[in-house]
Amino acid sequence: MANNIVIKNEINSKEYLTPIQYNLIKKLQTIGPSTRRDLVKVLNSPRTTIYDNLLKLQKRKLIEKFTRTNGMRGRPLVFWRLKE
């Protein structure tokens, strides 16, 4: 099933997405902006698989990433969301 191609109707009928990419977009639609860690837990997929597919979706301009700092020291959290 991982190698099947799925047509995404909501974005564009000519956009072809893999099942993992389709699931990433669906999760971002339902739960909103999320970190990679959250998406790994929800989709129960390897960290690198999620990250690689997030980058592919970002290159296609379907999603975008942004950072949020809460005033604490250290690295800011990186969130992913659907492109508006």
Side-chain angles (χ1 to χ4, degrees):
M1 178 165 151
N3 293 330
N4 293 340
I5 302 292
V6 177
I7 297 176
K8 180 80 169 89
N9 290 333
E10 290 106 20
I11 294 174
N12 185 349
S13 62
K14 295 181 181 178
E15 298 278 344
Y16 294 98
L17 300 173
T18 62
I20 189 73
Q21 291 171 350
Y22 180 79
N23 290 335
L24 281 168
I25 287 178
K26 279 299 190 188
K27 288 301 174 190
L28 290 173
Q29 283 177 340
T30 57
I31 61 177
S34 303
T35 62
R36 180 178 60 179
R37 176 181 288 177
D38 294 338
L39 293 170
V40 166
K41 288 180 184 176
V42 170
L43 295 175
N44 195 22
S45 294
R47 179 179 50 90
T48 54
T49 300
I50 295 293
Y51 186 70
D52 291 344
N53 284 285
L54 286 170
L55 289 180
K56 288 176 185 178
L57 291 170
Q58 183 184 25
K59 285 182 182 178
R60 293 171 71 175
K61 299 185 190 304
L62 298 176
I63 63 172
E64 61 186 358
K65 70 178 178 178
F66 66 98
T67 59
R68 203 182 281 171
T69 59
N70 54 2
M72 297 178 65
R73 295 171 64 178
R75 283 191 186 149
L77 290 175
V78 176
F79 288 87
W80 296 87
R81 65 179 169 206
L82 292 176
K83 195 102 170 182
E84 297 176 358

Exercise for the section: Please tell me if the side chains of L24 and I63 come closer than 4.5 Å, counting only heavy atoms from C-beta onward. Expected result: no

Solution key, residues 33-47 side-chain donor-acceptor pairs under 3.5 Å, sequence neighbours excluded:
| residue | atom | partner | partner atom | Å |
| --- | --- | --- | --- | --- |
| S34 | OG | G32 | O | 3.0 |
| T35 | OG1 | D38 | N | 3.2 |
| T35 | OG1 | D38 | OD2 | 3.1 |
| S45 | OG | L43 | O | 3.3 |

Problem - Any pair counted as side chain to side chain donor-acceptor pair (under 3.5 Å), so long as it reaches residues 48-57, sequence neighbours left out - result: Q21-N53

Handout entry: Whichever hydrophobic residues join L77 through chains of side-chain contacts under 4.5 Å
Key = F66, F79

Exercise for the section: Enter the distance from I25:CD1 to I20:CD1 here, rounded to the nearest 0.5 Å. Expected result: 11.5 Å

Practice task
Taking all non-hydrogen atoms of both residues into account, name the closest pair between W80 and L28 and its distance.
Solution key: O-CD2, 3.4 Å

